[in-house]
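The structure displayed is predicted, hence computed values, not measured ones. Values below: every heavy atom of this structure, side chains too, minus hydrogens, waters and symmetry copies.
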Amino acid sequence: MRTGYRSLLTHGHWPTLVASFLYFDVSFMVWTMLGALGAQIGATLRLNPAQKGLMVAVPILGGAVLRIILGVIADRCGAKRTGMAAQAAVIFALAVAWRCGLPSFATALALGLALGIAGASFAVALPQAGRWYPAGMQGLVLGLAGAGNIGVVLDALIAPAVAARQGWSAVFGWALIPTALVLGLYALMAKDAPASTARRRVADYAALLRSGDAHWFCFLYTVSFGGFVGLASSFVLYFTAEYGLTPVHAGQWAAVCTLVGAMLRPLGGALADRLGGTVALRGCFGLAAAAIAAAAMVQPLAACAGAFMIASGALGMANGAVFQLLPQRFRPELGLMTGLVGCGGGLGGFALASVLGVSKSLSGSYAWGLVGFAGLCGVALTAIAWNAARWRSAWSPLGGGARI
């Protein structure tokens with residue numbers, strides 16, 4: 001693996017990889033901010049569990065839809081220009097929220113939609129980094145760029161504590177500092193790879209969906225990334241509601257749980273490079289299903305958090321493994337497929353966060369929502385087993401020793 005990391009300096013364009021990581025990191029932090037502040041904003045606005053779940057889920061939905069649009073714009077105007085414009089729009093939304101606050105549930109939802117632009121950064125950062133590197137390094141490269149989802153850890157650690165001292169509106173103001181700083185670094189460091197494909201249109205996404213494999217990849221990422229971001233956005237609400245923790249204490253537990261998944265995404269990609277993506281995914285989805293089911297049933301806080309850590313780690317590794325396979329099947333359409341699977345992942349996160357809120361409202365517990373998602377991980381495991389042999393025989397891996 002050390003050889004793989006050294007080769008990042010001799011293949012491709014490492015400043016773009018670093019810039020893509022930073023851009024995705026701060027964007028992910030902003031994207032999931034309402035999840036970290038959900039308990040405190042919910043208390044101020046007197047929201048019920050279902051409304052809280054919807055509030056933290058709307059940014060994920062916005063990011064899912066906008067990923068396709070941003071992917072098309074990036075293809076036509078360049079990833080760097082698109083990324084800079086999107087970051088500027090996010091900065092504007094944060095500034096408005098900082099100065100005007102969120103006086104109602106409707107305004108919280110409106111901010112969530114605006115923050116969806118940050119979630120759409122996925123469709124810019126990952127292809128921009130990945131296009132610089134050969135197929136045999138895609139799992140590692142896209143895993144490193146995608147590890148920017150560690151931004152949600154910063155949310156959970158910092159946002160509730162700042163909100164407790166200065167009010168949650170102040171969090172939006174403080175967030176302007178890293179977003180503006182990263183915008184400057186991105187402008188200086190990032191570089192678009194030489195164009196290798198024709199310009200795409202929105203209609204091209206529909207054409208690509210005629211491929212059955214496109215549907216399978218969207219489903220797999222709906223479960224893996226949707227599970228990761230849906231849980232990450234809900235942890236603070238979960239720990240405050242189920243264990244009576246303060247938002248700050250709940251944020252600390254949430255940060256630990258989420259950190260595991262964020263840190264292990266590159267490992268999942270690298271492991272898939274070495275063993276094959278289907279082998280890695282089988283292990284990841286099986287472990288995630290068992291851990292989430294356990295989290296729904298165990299009572300002690302430490303045991304529940306431990307199960308969530310394992311689940312988050314397994315889903316994070318699955319994210320990296322999915323993106324090790326994706327360039328092998330859809331290398332010429334990588335930008336399009338990144339937008340499609342990213343949309344699927346966002347929709348999965350929206351669904352999970354919403355379902356957990358509804359589960360709490362209807363039954364008084366999050367357990368039914370968690371058990372349902374554990375079952376969906378089992379379906380993903382079955383899908384991998386069903387398709388693995390066909391993929392190995394039908395695909396022609398691109399150069400660089402990539403494995404299926």
Working for side chain to side chain contact (heavy atoms under 4.5 Å, CB included), residues Thr278 and Ile404: CA-CA 6 Å; Thr278 57; Ile404 298 173; 4.2 Å; yes

So, Thr258 side chain and Val153 main chain: donor-acceptor pair closer than 3.5 Å or not? no

To the nearest 0.5 Å, how far apart are CE in Met337 and CG in Leu326? 5.0 Å

Side chain proximity check, Leu381 to Arg282, heavy atoms < 4.5 angstrom: yes

Kindly determine whether Val322 and Phe225 satisfy side chain to side chain contact (heavy atoms under 4.5 Å, CB included), including the steps that lead there. CA-CA 10 Å; Val322 168; Phe225 184 78; over 6 Å; no

So, Trp132 side chain and Lys191 main chain: donor-acceptor pair closer than 3.5 Å or not? yes

For the residue pair Arg265 and Phe323, establish whether any side-chain heavy-atom pair is separated by less than 4.5 Å. yes

Is there a side-chain contact between Val58 and Leu113, using heavy atoms and a 4.5 Å cut-off? yes

Which atom pair, heavy atoms only, marks the closest approach of Ala241 to Lys360? CB-CE, 4.1 Å

Between Ser20 (side chain only) and Thr16 (backbone N and O only), is there a donor and an acceptor less than 3.5 Å apart? yes

Donor-acceptor pair, Asn387 side chain versus Ala383 backbone, under 3.5 Å? yes

For the student: nearest non-hydrogen atoms of Phe24 and Ala125, plus distance: CB-CB, 4.1 Å

4.5 Å side-chain heavy-atom contact, Glu242 and Cys304: no

Around atom CE of Met189, are there more than 12 heavy atoms from other residues, nucleotides or ligands closer than 6.0 Å? yes

Go through Thr44 and Trp168 one step at a time and tell me if the side-chain hydrogen bond (donor to acceptor under 3.5 Å, both in side chains) criterion holds. CA-CA 10 Å; Thr44 301; Trp168 46 260; 3.1 Å; yes

Return the OG to CG distance between Ser361 and Leu54, rounded to the nearest 0.5 Å. 11.0 Å

Working to the nearest 0.5 Å, report the span between CG of Leu115 and CG of Leu94. 6.0 Å

side-chain hydrogen bond (donor to acceptor under 3.5 Å, both in side chains) partner of Asp192, the single match among His13, Gln128, Arg81: Gln128

In terms of heavy-atom contacts, Leu315 and Ser224 come closest through CB-O, 3.7 Å

Rounded to the nearest 0.5 Å, what's the gap from CG on Leu275 to CD on Gln324? Could you check? 9.5 Å

Let me see the working for Met33 and Phe172 under side chain to side chain contact (heavy atoms under 4.5 Å, CB included), right down to the final yes or no. CA-CA 9 Å; Met33 186 172 292; Phe172 303 129; 3.5 Å; yes

For Tyr186 and Tyr23, take the angle between the two ring planes, folded into 0 to 90°, and tell me which bin it lands in: parallel under 30, tilted 30 to 60, perpendicular over 60. tilted

Just by distance, do the side chain of Ser312 and the backbone of Phe228 share a donor-acceptor pair under 3.5 Å? no

For the residue pair Phe219 and Trp216, does the interplanar ring angle fall in the parallel (under 30°), tilted (30 to 60°) or perpendicular (over 60°) class? perpendicular

Donor-acceptor check, side chain of Thr240 to backbone of Leu237, threshold 3.5 angstrom: yes or no? yes

Rounded to the nearest 0.5 Å, how far does CG of Leu301 lie from CG of Leu245? 5.5 Å

Value for CD1 (Ile177) from CD1 (Ile91), rounded to nearest 0.5 Å, stands at 11.5 Å

Is the backbone of Asn48 close enough, under 3.5 Å, to the side chain of Gln51 for a donor and an acceptor to pair up by distance? yes

Report the C-alpha distance between Leu352 and Ile60 in whole Å, list the side-chain angles of each, state the deciding distance to 0.1 Å, and finish with yes or no for side chain to side chain contact (heavy atoms under 4.5 Å, CB included). CA-CA 10 Å; Leu352 178 57; Ile60 307 175; over 6 Å; no

Side-chain donor or acceptor of Thr179 paired with backbone N/O of Leu176 under 3.5 Å: yes

Could you tell me which non-hydrogen atom of Ser233 sits nearest to which non-hydrogen atom of Thr32, and how far apart they are? OG-CG2, 3.9 Å

Side chains of Val341 and Phe330: closer than 4.5 Å at any heavy-atom pair? no

Do Ile158 and Trp174 touch side chain to side chain, with heavy atoms closer than 4.5 Å? no

Locate the shortest heavy-atom distance separating Leu66 from Gly116; write the atom from each residue and the value. CD1-C, 3.8 Å

Check whether any side-chain heavy atom of Phe28 sits under 4.5 Å from a side-chain heavy atom of Val229, and report yes or no. yes

Parallel, tilted or perpendicular: which describes the rings of Tyr238 and Phe308, with under 30° parallel and over 60° perpendicular? perpendicular

So, for Gly313 and Val260, which heavy atoms are closest and what is the spacing to 0.1 Å? CA-CG1, 3.7 Å

Would you check if the side chain of Lys80 reaches a backbone N or O of Ala190 as a donor-acceptor pair within less than 3.5 Å? yes

Min side-chain heavy-atom separation Phe235-Val256 under 4.5 Å: no

Is there a donor-acceptor contact under 3.5 Å from the side chain of Ser104 to the main chain of Thr107? yes

